[in-house]
Amino acid sequence: MNNKIGVKILGTGSYVPEKVLTNFDLEKMVETSDEWITTRTGIRERRIISEGQTSSDLAYNASLKAIENAKISVNDIDLILVATVTPDMPLPATACFLQQKLQAFNSAAFDISAACTGFIYGVATAKAFIESGIYKTVLVVGVEALSRVTDWTDRNTCVLFGDGAGAMVFQASETDNDILSVYLGADGNHTALLDIPAGGTANPASHETVDKKMHAIKMAGKDVFKIAVTKMAESAEKAMKIAGKTDKDIELYIPHQANLRIIDAVAKKAGINKDKVYINVHKYGNMSAATTIVALDEARQEGRISKGGLVELVAFGGGLTWGGCILRIGL
Ligand code: ACO
């Protein structure tokens with residue numbers, strides 16, 4: 001008898017805030033142009049969280065849709081994982097705020113900090129907890145409200161980011177195995193390339209940290225760009241190898257949506273068929289941990305994934321972190 005526990009994907013959902021900030025709006029805020037932003041990044045507009053809204057509110061809206069799609073009750077959920085670098089507060093975890101909003105009190109709840117790779121780290125964590133028999137039904141959310149940690153006077157970064165959330169429900173299964181592979185990587189030698197320097201123990205909040213805008217996201221864009229291409233291509237290949245699949249088996253590639261030029265370069269380097277690459281960076285910009293799961297949910301709803309089709313997610317972000325996974329979407 002084979003006792004190995006498999007993981008079934010039961011449902012997905014996503015939510016983006018209503019407020020749209022276009023490149024033309026940004027032209028009025030910093031010295032930039034729609035032409036520069038479009039040609040350098042592919043981004044045309046992004047969504048911005050409204051006043052009073054929090055990351056857990058975005059996560060809640062996405063989770064409700066995923067739970068409905070999964071046809072489960074909130075009481076079935078025994079673990080909530082929230083991947084985010086823009087938590088409601090440093091303490092407690094955004095996963096606990098989400099648990100309270102969902103009234104999913106049969107669950108453990110904690111956050112995962114892996115920047116733009118956060119959702120894939122969440123998939124890996126859900127897989128490990130389910131396969132080990134510790135939890136049966138896991139809600140994984142990728143959520144970000146980067147507009148809250150953006151320096152709106154810095155044209156190098158403020159044109160790049162957006163807010164949103166996506167969620168996926170996983171459940172233990174005796175018959176299905178929808179997570180074909182997961183590959184994760186990190187390199188702490190590059191922590192300084194992409195960070196929010198203040199607000200932690202290194203630089204606790206002070207008048208000085210606020211004056212110096214050290215609570216905003218800083219990025220060495222060019223360096224990040226180069227490593228992103230190499231590591232995302234490597235992640236795509238490794239996740240494929242672990243799953244024992246090739247390009248022809250993959251129906252849709254969903255790369256992290258940071259920059260169209262990075263996506264194109266990754267596809268070229270990894271030998272990925274560009275027609276199979278899903279793109280929504282023009283609508284949302286870089287939503288960090290939310291990007292891949294929002295894209296997957298939208299692709300599913302647009303009918304871009306056939307029942308049982310294989311999807312490969314690859315991402316890269318602050319840490320530096322990177323990773324890839326191959327999922328079977330039977331929804
Ligand atoms: N509008 C107009 N000009 C600009 C803007 C802007 N918004 N931003 C920068 N420039 C200028 C620069 O000042 C520079 O001018 P100079 O030549 O006079 O000095 C010029 O444009 C070129 O700037 P570069 O930085 O060389 O532009 P580049 O082509 O590298 O594009 C970008 C910058 C878009 C940031 C790119 O490097 C990039 O996408 N990097 C990767 C970002 C990423 O993937 N992050 C992922 C993780 S995010 C996370 O984990 C939260």
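Atom set for the values below is all heavy atoms of this structure, side chains included, hydrogens, waters and symmetry mates excluded. Order of listing sets the numbers, starting from 1, for every ligand and every atom in it.
Here atom 51 (C) of ligand 1 lies nearest to C116 when heavy atoms of G318, C116, A115 are compared. The option from K222, R261, R155 that lies nearest to atom 13 (O) of ligand 1, judged by heavy atoms, is R155.
Of all protein heavy atoms, the one lying nearest to atom 35 (C) of ligand 1 is L160 CD1, 3.9 Å. Closest to atom 22 (C) of ligand 1 among all protein heavy atoms lies R40 NH1, 3.5 Å. Residue, atom and distance of the protein heavy atom nearest to atom 48 (S) of ligand 1 are N286 ND2, 3.2 Å.
Within the 4.0 Å heavy-atom shell around ligand 1 one finds N156. Residue contacts with ligand 1: M219 is included, with a non-hydrogen atom under 4.0 Å away.
Under the 4.0 angstrom criterion, atom 8 (N) of ligand 1 counts as having a protein heavy-atom contact. Protein heavy atoms all stay at least 4.0 Å away from atom 16 (P) of ligand 1.
For the 3.5 Å distance criterion, the side chains of Y60 and Q99 fail to qualify, holding no donor opposite an acceptor. Judged by distance alone, the side chains of H256 and T292 never bring a donor and an acceptor atom under 3.5 Å apart.
Residue V159 approaches ligand 1 through these ligand atoms, each under 4.0 Å from one of its heavy atoms: 7 (N).
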